[in-house]
Asker: 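Here it is: the structure, laid out below.
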Amino acid sequence: QVQFVESGGGLVRPGGSLRLSCAVPEFALRDYAIGWFRQAAGKEREGVSCLGRGDGGVYAEAVRGRFTISSDNAKRTVYLDMNSLTPEDTAIYYCAANLMRVRCPSTQPFTQHEFAYWGQGTQVTVSS
């Protein structure tokens with residue numbers, strides 16, 4: 001059974017930065033758009049960013065300008081660089097593949113039922 005593996009979470013002060021990594025199989029990078037999601041305590045899981053073939057990434061409004069999604073195909077890894085972190089960014093972060101799309105749609109890019117291969121998540125805590 002395919003499951004992505006997230007890493008890189010931790011405790012960071014407000015204003016700090018973290019880089020999250022998502023290890024994925026080669027076929028996933030080739031065939032699917034890859035998304036990052038997060039779920040804060042007591043809240044529903046929400047989309048953060050999506051990276052598809054040939055696109056520069058799509059971002060949720062809450063993180064646009066602070067987060068950057070990228071990939072290293074040789075390392076079969078998708079990254080989420082997070083800057084200017086605030087306590088509101090505290091959550092478990094997950095990555096997954098959109099089995100219905102190679103590119104991230106500009107509208108509704110985080111339709112969760114389209115995504116699979118969810119990892120266990122990595123905890124990000126932003127606190128002073």
Side-chain angles (χ1 to χ4, degrees):
Q1 183 174 352
V2 177
Q3 186 176 49
F4 291 177
V5 180
E6 304 93 342
S7 61
L11 174 65
V12 62
R13 294 182 182 278
S17 300
L18 276 177
R19 165 175 266 201
L20 304 184
S21 299
C22 174
V24 306
E26 183 177 2
F27 75 85
L29 279 175
R30 180 186 67 236
D31 297 338
Y32 306 123
I34 307 297
W36 279 99
F37 296 77
R38 66 186 182 186
Q39 186 167 21
K43 296 186 177 180
E44 294 187 353
R45 188 166 58 192
E46 62 178 2
V48 175
S49 184
C50 178
L51 183 66
R53 186 190 301 172
D55 67 43
V58 176
Y59 300 91
E61 185 173 353
V63 306
R64 192 174 297 126
R66 300 188 298 122
F67 290 12
T68 303
I69 191 170
S70 63
S71 68
D72 184 330
N73 290 355
K75 295 183 178 180
R76 293 181 291 176
T77 302
V78 177
Y79 300 102
L80 185 68
D81 288 297
M82 307 186 296
N83 298 307
S84 302
L85 287 162
T86 74
E88 289 68 37
D89 296 314
T90 296
I92 300 174
Y93 284 71
Y94 303 89
C95 57
N98 189 324
L99 300 190
M100 298 182 66
R101 302 182 188 277
V102 175
R103 298 175 62 89
C104 305
S106 56
T107 58
Q108 297 184 326
F110 307 117
T111 304
Q112 295 194 35
H113 68 78
E114 295 183 345
F115 285 81
Y117 306 149
W118 297 89
Q120 295 294 318
T122 185
Q123 175 72 50
V124 172
T125 303
V126 184
S127 175
S128 55

Asker: Classify the ring geometry of Tyr117 against Phe4: parallel below 30°, tilted from 30° to 60°, perpendicular beyond 60°.
Answerer: tilted
Asker: Between Phe67 and Tyr93, how do the two ring planes meet: parallel, tilted or perpendicular, split at 30° and 60°?
Answerer: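 If you compare the ring of Phe67 with that of Tyr93, the planes turn out tilted.
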Asker: Between Leu80 and Val78, is a side-chain contact (heavy atoms from CB on, under 4.5 Å) present by the stated rule, with each step listed?
Answerer: CA-CA 7 Å; Leu80 185 68; Val78 177; over 6 Å; no
Asker: State the OH-CE distance between Tyr32 and Met100, to the nearest 0.5 angstrom.
Answerer: 11.5 Å
Asker: Within the structure provided, determine whether Ile69 and Cys50 are in side-chain contact (heavy-atom separation under 4.5 Å).
Answerer: no
Asker: Please step through side-chain contact (heavy atoms from CB on, under 4.5 Å) for the pair Phe110 and Glu46, ending with a clear verdict.
Answerer: CA-CA 8 Å; Phe110 307 117; Glu46 62 178 2; over 6 Å; no
Asker: How close do Val2 and Pro25 get, counting heavy atoms only, and between which atoms?
Answerer: CG1-CG, 3.8 Å
Asker: What is the distance from atom OG1 of Thr90 to atom CD of Gln123, rounded to the nearest 0.5 Å?
Answerer: 7.5 Å
Asker: Set out, in order, the CA-CA distance, both residues' side-chain angles and the distance that settles side-chain contact (heavy atoms from CB on, under 4.5 Å) for Arg38 and Val63, then state yes or no.
Answerer: CA-CA 11 Å; Arg38 66 186 182 186; Val63 306; 3.9 Å; yes
Asker: Do Arg64 and Tyr59 meet the cation-pi criteria used here (NZ or CZ under 6.0 Å from the six-membered ring centre, within 45° of the axis)?
Answerer: no
Asker: Does some side-chain heavy atom of Ser71 sit less than 4.5 Å from a side-chain heavy atom of Ile34?
Answerer: no
Asker: Can Leu99 be reached from Phe27 by stepping across I, L, V, M, F, W or Y side chains whose heavy atoms are under 4.5 Å apart?
Answerer: yes
Asker: Is there a side-chain contact between Trp118 and Gln112 in this structure, where contact means two heavy atoms from C-beta onward sitting under 4.5 Å apart?
Answerer: yes
Asker: What are the two closest non-hydrogen atoms of Val124 and Gly9, and how far apart are they?
Answerer: CG2-CA, 4.1 Å
Asker: Side-chain contact, heavy-atom cut-off 4.5 Å: Arg13 with Leu85?
Answerer: no
Asker: Can you hop from Val48 to Tyr79 via hydrophobic side chains spaced under 4.5 Å?
Answerer: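 No, separate clusters.
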Asker: Nearest 0.5 Å please: distance from the OG atom of Ser7 over to the CZ atom of Arg19.
Answerer: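 Answer rounded to 0.5 Å: 10.5 Å.
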Asker: Name the residue from Asp89, Thr86, Asp81 that meets the side-chain hydrogen bond (donor to acceptor under 3.5 Å, both in side chains) definition with Arg66.
Answerer: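 Only one option passes, and that is Asp89.
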Asker: Is it true that, when you exclude Gln120 itself, more than 12 heavy atoms of the residues, nucleotides or ligands shown sit nearer than 6.0 Å to its CD?
Answerer: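 Not more than 12 within 6.0 Å, no.
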Asker: Looking at CG of Asp31 and CZ of Arg53, how far apart are the two atoms once the value is rounded to the nearest 0.5 Å?
Answerer: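 Output value for this atom pair is 7.0 Å.
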Asker: Is Trp36 reachable from Ile92 through a run of I, L, V, M, F, W or Y residues, each pair having side-chain heavy atoms under 4.5 Å apart?
Answerer: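 The answer is no; the residues belong to distinct hydrophobic clusters.
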Asker: Taking all non-hydrogen atoms of both residues, which atom of Ser84 and which atom of Ser17 are closest, and how far apart?
Answerer: N-OG, 4.4 Å
Asker: What's the shortest heavy-atom distance between Val12 and Gly16, and which atoms?
Answerer: CG2-CA, 3.8 Å
Asker: Please find the pair of heavy atoms, one from Ser128 and one from Pro14, that lie closest to each other, and give the distance.
Answerer: N-CD, 3.7 Å
Asker: Rounded to the nearest 0.5 Å, how far does OG of Ser21 lie from CZ of Arg76?
Answerer: 14.0 Å
Asker: First locate atom CG of Leu51, then atom CG of Asn98, and finally report the distance between them rounded to the nearest 0.5 Å.
Answerer: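 It is 12.0 Å, given to the nearest 0.5 Å.
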Asker: Report the C-alpha separation of Leu20 and Met82 in whole Å, then their side-chain angles, then the decisive distance to 0.1 Å, and conclude whether the side-chain contact (heavy atoms from CB on, under 4.5 Å) test is met.
Answerer: CA-CA 8 Å; Leu20 304 184; Met82 307 186 296; 3.7 Å; yes
Asker: Is it true that a side-chain atom of Thr77 and a backbone atom of Ala23 form a donor plus acceptor pair closer than 3.5 Å?
Answerer: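 Judged by distance alone, no pair lies under 3.5 Å.
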